[in-house]
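In what follows, chains carry the letters A, B, and so on, assigned in the order in which the sequence lines appear, proteins first and then strands, with residues in each chain numbered from 1.
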Protein chains: 2
Amino acid sequence: MKITYKGDYALKTILDLARHYGNSPVTIHDLAKRADIPIKFLEQILLDLKRGGFVESRRGKVGGYLLAKEPSGIKLGEVIRFIEGPIEPIACVSKNYQGCNSIYNCVLREVWQWVNKATCGIIDNITFEDLLKKIEDSDCTISYQI
Amino acid sequence: MKITYKGDYALKTILDLARHYGNSPVTIHDLAKRADIPIKFLEQILLDLKRGGFVESRRGKVGGYLLAKEPSGIKLGEVIRFIEGPIEPIACVSKNYQGCNSIYNCVLREVWQWVNKATCGIIDNITFEDLLKKIEDSDCTISYQI
DNA sequence: ATAATCCCTATTGTATTAGTAGAGTATACC
DNA sequence: GGTATACTCTACTAATACAATAGGGATTAT
Ligand code: FES
Ligand code: FES
């Protein structure tokens, strides 16, 4: 798996929205500023995230973005897969792959399947609520500021 | 981590050479044919692998390529890192990274560090001898052919 | 000599990535 | 109703990486 800027930005944005879950909408301006994301790039990302059902938006004055579900209902893996596509290290890992030309090389495939499984085991078992909890528990809480 | 064609080809080629370890050199023609790799692309890859100290070559007639070390002395991770560069999913995972602008986002960094650790735990603990053993043990041995 | 082999650099076509640009639409508030 | 403040959408672009391809050159067994 490789995380692109777009994916990184998407996760940071959702995390920010998770921190403000239950409150009034957050403007793209604030989101962009806090995570240091080019605003026009973030625009596209938020559009994507909306289509993916991760965020909602309110237009007009006092508008902004909101998380569409509870932080506990969004797993890291979902967002990553939606934004980045398949996460496996190489295409032949997927179930319905035809197999390579030589059975001797397929031992490599098995290795990639392990790697894939290990990765999924992590990102599919972490929700944004878990991340929020981690932030709270950390000793960084002192420098908290919106 | 994402495996490119180049990396995939490199691993398959070293595995092939591992299977012929201790015998006479294997020609690029045979390597390319068995793994279905464009021969001119493989040329470059073998040049790289030579510079990396993974393979040796004999020029002229009856020349070819040989593994430079025992299969048990080459880990998957070494080859991957040499061919593909850093394997971490995102740059900020590396030790001496400055840290992002917001401590709230750094919980993500920790996730990537887990993913990275899990991946390294796999690829840095598998040698090409392990792969050879895996091939022997598998029931595919029947259709063995050089 | 010659055929088979490896050695090396340069170039190319395509796709992906990380933005930028610029127009449009909705809403709160006076 | 006008206007400022927000979100919406499509198109474009510069830079880079990827996956080869091309074309010569050097070495060695026979
Ligand atoms: S199927 Fe990918 S290496 Fe055999
Ligand atoms: S350092 Fe990468 S997310 Fe904070």
Q: Taking atom types as modelled, find out whether N116(A) and T119(A) have a side-chain donor-acceptor pair closer than 3.5 angstrom.
A: no
Q: Rounded off to whole Å, could you give me the CG-to-C1' distance for the D48(B) and dT9(C) pair?
A: 13 Å
Q. Rounded to whole angstrom units, what separation is found between the CG atom of D8(A) and the P atom of dG19(C)?
A. 11 Å
Q. For I83(B) and dA17(D), what is the distance between atoms CD1 and P respectively, to the nearest whole Å?
A. 16 Å
Q: Looking only at side-chain atoms of T4(B), point me to the closest of dC18(D), dA20(D), dC7(C).
A: dC18(D)
(Q) Pick the closest DNA chain C nucleotide for K2(A) and for K61(A) by heavy atoms, then say which residue is nearer the 5' end. (A) K2(A)
Q.
Between C1' on dT20(C) and CG on L42(A), what's the gap in Å once rounded to a whole number?
A. 14 Å
Q.
Taking atom types as they are modelled, would you say the side chain of R59(A) forms a donor-acceptor pair with the base of dT25(C) within the 3.5 Å cutoff?
A. yes
Q. Are Y65(A) and dT8(D) close enough that a side-chain N or O sits under 4.0 Å from OP1 or OP2?
A. yes
Q) Which of these nucleotides, dC8(C), dA6(D), dG19(C), is closest to any side-chain atom of T27(A)? A) dA6(D)
**Q.** Distance-only donor-acceptor test, E43(B) side-chain atoms vs dC8(C) base atoms, 3.5 Å
**A.** yes
Q) Does a side-chain heavy-atom distance below 4.5 Å link S24(A) with V62(A)? A) no
Q. Quick one: H29(A) NE2 to dA4(D) P, roughly how many Å, whole number?
A. 17 Å
Q) Do F82(B) and L66(B) share a hydrophobic cluster, counting only Ile, Leu, Val, Met, Phe, Trp and Tyr and linking them when any side-chain heavy atoms are less than 4.5 Å apart? A) no
**Q.** Side-chain donor/acceptor of Q44(B) to base of dT21(D), under 3.5 Å
**A.** yes
Q.
If you go through the side-chain atoms of K40(A), does one of them form a donor-acceptor pair with the base of dG22(C) closer than 3.5 Å?
A. yes
**Q.** Candidates dA20(D), dC7(D), dC6(C) - which lies nearest the side chain of I28(B)
**A.** dC6(C)
**Q.** Distance in angstrom units between F41(A) CZ and dT8(D) P, rounded
**A.** 17 Å
Q. What integer distance in Å separates Y5(B):OH from dT16(C):P?
A. 12 Å
Q. Do E88(B) and S94(B) meet the criterion of a side-chain donor-acceptor pair at a distance under 3.5 Å?
A. no
Q. For atom OH of Y5(A), is the number of surrounding heavy atoms from other residues, nucleotides or ligands below 6.0 Å larger than 12?
A. no
Q.
Assuming nearest nucleotide by heavy-atom distance, tell me which of I39(A) and V62(A) is located more 5' along DNA chain C.
A. I39(A)
Q: Among dC7(C), dA20(D), dT8(D), find the nucleotide with the atom closest to the side chain of K50(B).
A: dC7(C)
Q.
Between Y9(B) and dA20(D), is there a contact of a side-chain N or O with OP1 or OP2 at under 4.0 Å?
A. yes
Q. How close or far is atom C1' of dT16(D) from atom NZ of K6(B), stated in whole angstroms?
A. 15 Å
